[in-house]
Amino acid sequence: MELLKVRDADALSAQAFEHVKARLLEKPDLVLGLATGSTPIGLYQRLVQAYRNGEISFARARSVNLDEYVGLPPNHDQSYAYFMRYHLFDHIDMPEDAHDIPNGMARDLEAECARYEAQIKRLGGVDLQILGIGTNGHIGFNEPGTPFDSRTHVTTLTEETRQANARFFNTPEDVPKQAITMGLATIMESREIILLASGKSKQEAIRRLFQKEVSTDLPASILTQHPRVTVIVDEEAGALLP
Ligand code: PGA
């Protein structure tokens, strides 16, 4: 894992943007693995701005997202399908049928997970996966204890994750209890990964990640086994690193 320390959330977004832009310019038909949450919003804003300036195009790119809540329709303002349209897809030239996200409303969730895995294979795999990290070390919605050989699956969110995400919902009870997430083995097959962490709440997860002890207690620790991972942290998130 390569570690990049930057000053603050804004510098983190700028660094991540330069990285994604470089890959997109090298390979216009890049397969992007996208993440939701507050951390990548600044990255998406920069990508939209660069598209508007004519610096980059997504016309040939494709994308898959890490995860989606079970039970929220795509027009629900807290669904990740909505998040992606709001922050990125509505503002760039990636064709509608070129981005995919798990369908958390599927009647047969197991079949949907199988479809999603097959879709990633059909795209030839993910070239560049963007990840955030949970305070408990989750990546996607792979919570502590998730097996490293997991593929796209239905997962039950931990209370810590539901509380962390409650800020986006009217009441804490409204936070869905389940999600579909790419598995850890699915994520590990990405050819390259960048993990973004910003703010004090991520300090402990980042400290544990750089202890480099691989354990399902810290799902992100599997990334230490990947040949091409860049971790970008701001000063607060990296404050406990030596
Ligand atoms: P955040 O979420 O970007 O909103 O902190 C990250 C995550 O839970 O993976």
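Numbering of ligands and ligand atoms starts at 1, following listing order.
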Give me the ring orientation class for Tyr69 and Phe141: parallel if the planes are under 30° apart, tilted from 30 to 60°, perpendicular past 60°.
tilted
Which heavy atom of the protein is the closest neighbour of atom 3 (O) of ligand 1, given with residue, atom name and distance?
Thr39 OG1, 2.5 Å
Report, in ascending order of atom number, the atoms of ligand 1 lying under 4.0 Å from any heavy atom of Gly37.
3 (O), 4 (O)
Number the atoms of ligand 1 from 1 as they appear, then name those within less than 4.0 Å of a heavy atom of Arg167, with their elements.
4 (O)
Heavy-atom distances under 4.0 Å are what count here, so tell me which part of Ile133 touches ligand 1: side chain, backbone, both or neither.
backbone
Ligand 1-proximal atoms of Glu160, by part, heavy-atom distance under 4.0 Å:
neither
Distance to 0.1 Å, residue and atom name: give those for the protein heavy atom nearest to atom 7 (C) of ligand 1.
His138 NE2, 3.4 Å
Under 3.5 Å, N or O to N or O, is Lys202 touching ligand 1 that way?
yes
Just how far is it from atom CD of Gln15 to atom OG1 of Thr230, taken to the nearest 0.5 Å?
9.0 Å
Does the side chain of Thr158 pick up a donor-acceptor pair with the side chain of Thr161 at under 3.5 Å?
yes
Could you tell me whether a side-chain N or O of Glu68 sits under 3.5 Å from a main-chain N or O of Tyr80, the two making a donor and an acceptor?
yes
Pair His19, Glu192: side-chain N/O donor-acceptor within cut-off below 3.5 Å:
yes
Take the angle between the ring planes of Tyr86 and Tyr82 and call it parallel below 30°, perpendicular above 60°, tilted in between.
parallel
